Amino acid sequence: MSPSAGGLVVFLLSVKVIQSQDGWGVNYDQTDVCAAKGSIVFIICDYTHPPGIDPSDIKDRFWFTKEKDGEPVDLRTDSEYSDRVKHTCYSILKRCYLTITDVRESDSAEYKFTFMTNKPGEKYTGSPGVTLSVTDSGLQVQVRRLNSTWLELTCHSSCVLSDRAEYYWYKNEEIIKTGSSLLVSSGSTDRYSCYLRGSWDQRSPAVYGPQRPSVSVSPSAEMLEGDSVTLTCSTDANPAASYTWYKEDGTSDPRLLSEEPQLVFSSIQSSDSGNYSCTAENQLGRKTSDFISIDVKC
């Protein structure tokens, strides 16, 4: 393949470098970027050219989404991106970075990198480029129970992505796996989150099972018959936990009283004295509080 007046287009079909037989190429670090409005996006590429071309022969290089009269329009000259784009290139490394700040839904487009030599008409573009999708919301982890032992976590994006999109999973703060889904054991209190390669500041909120619930009593002073008393169960969990209240009645199975975060006695009686506990549960696990003792005076 030889350069033409219209320029040599190098087709990128994966995240590997695709070169023409003449040694020209563009490699994007990712093919899809999903971002929430207002975030910062980084798009990165490497470019290659035959060894016989000196870096000083590269007259210009830039990113674009549009063409005018058949020629690419440098993003830095596009008024829609005014003061929001930064283009950095390192000639020795042949590596270029595009940074877009305060991204907008209107920024959703295919971004391509082009570079040209000082020989008239000799220009090279990496195509297809990188597809940026900007939405109101970012990534979310969806939880599905497979059985009593295993859960499947799926990294869900509101963006429409190609099958080449690359996801990474965090367990607490450590990357543990790539792929759109992850198997975890039920009952784990570890925190799991995911991100889409290229959307560095768009990691999903972490999902995790409930911590051991705490119980508070209001009022905390001595309780008399007829008083209004509220027991509150609380924990930290995502997705949010559901709650269940129990009273120990001397049997092996405590008596279920309520399925609300608060257990309210509008007029407490001495017969309500006893030991109470609450359970917090979400799709990832279940934890039970310590017993709290209630003593109601006549």
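What's counted below: heavy atoms across the whole structure, side chains too, no hydrogens, waters or symmetry copies. As the structure is a computational prediction, the values presented were derived from the model and not from experiment.
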Between the side chains of Thr235 and Gln211, does any donor sit under 3.5 Å from an acceptor? no
Classify the ring geometry between His87 and Trp63 as parallel (under 30°), tilted (30 to 60°) or perpendicular (over 60°). perpendicular
Just wondering, do Pro205 and Asn238 contact through their side chains at under 4.5 Å, heavy atoms? yes
Candidate list Asp46, Val130, Ile43, test side-chain contact (heavy atoms from CB on, under 4.5 Å), partner Asp29, passing option: Asp46
Near Asp83 CG, under 6.0 Å, is it more than 12 heavy atoms from other residues, nucleotides or ligands? no
Contact between Trp169 and Val141 at the side-chain level, heavy atoms closer than 4.5 Å - yes or no? yes
Closest contact, heavy atoms only, Ser193 versus Ala206: CB-CA, 4.0 Å
Side-chain donor-acceptor contact under 3.5 Å, Arg212 with Thr189: no
Parallel, tilted or perpendicular, judged at 30° and 60°: which one describes the rings of Phe115 and His49? tilted
Side chains of Arg84 and Asp107 in contact at under 4.5 Å (non-hydrogen atoms): yes
Is it true that Cys45 and Cys96 have SG atoms closer together than 2.5 Å? no
Could you tell me whether the side chains of Thr154 and Gln142 share a donor-acceptor contact shorter than 3.5 Å? no
Evaluate the side-chain proximity of Ile100 to Leu132: yes if any heavy-atom separation is below 4.5 Å, no if none is. yes
Where Asp227 and Glu222 come nearest, the two heavy atoms and their spacing: OD2-O, 4.1 Å
Does Arg203 make a cation-pi contact with Tyr195, if we ask for NZ or CZ under 6.0 Å from the ring centre and within 45° of the axis? no
Gln269 and Val296, any side-chain heavy atoms less than 4.5 Å apart: no
Just checking Lys86: does its NZ atom have more than 12 heavy atoms from other residues, nucleotides or ligands closer to it than 6.0 angstrom? no
Are more than 12 heavy atoms, taken from residues, nucleotides or ligands other than Lys247, located less than 6.0 Å from that residue's NZ atom? yes
Given 3.5 Å as the limit, does a donor-acceptor pair link the side chain of Thr114 with the main chain of Tyr124, or not? yes
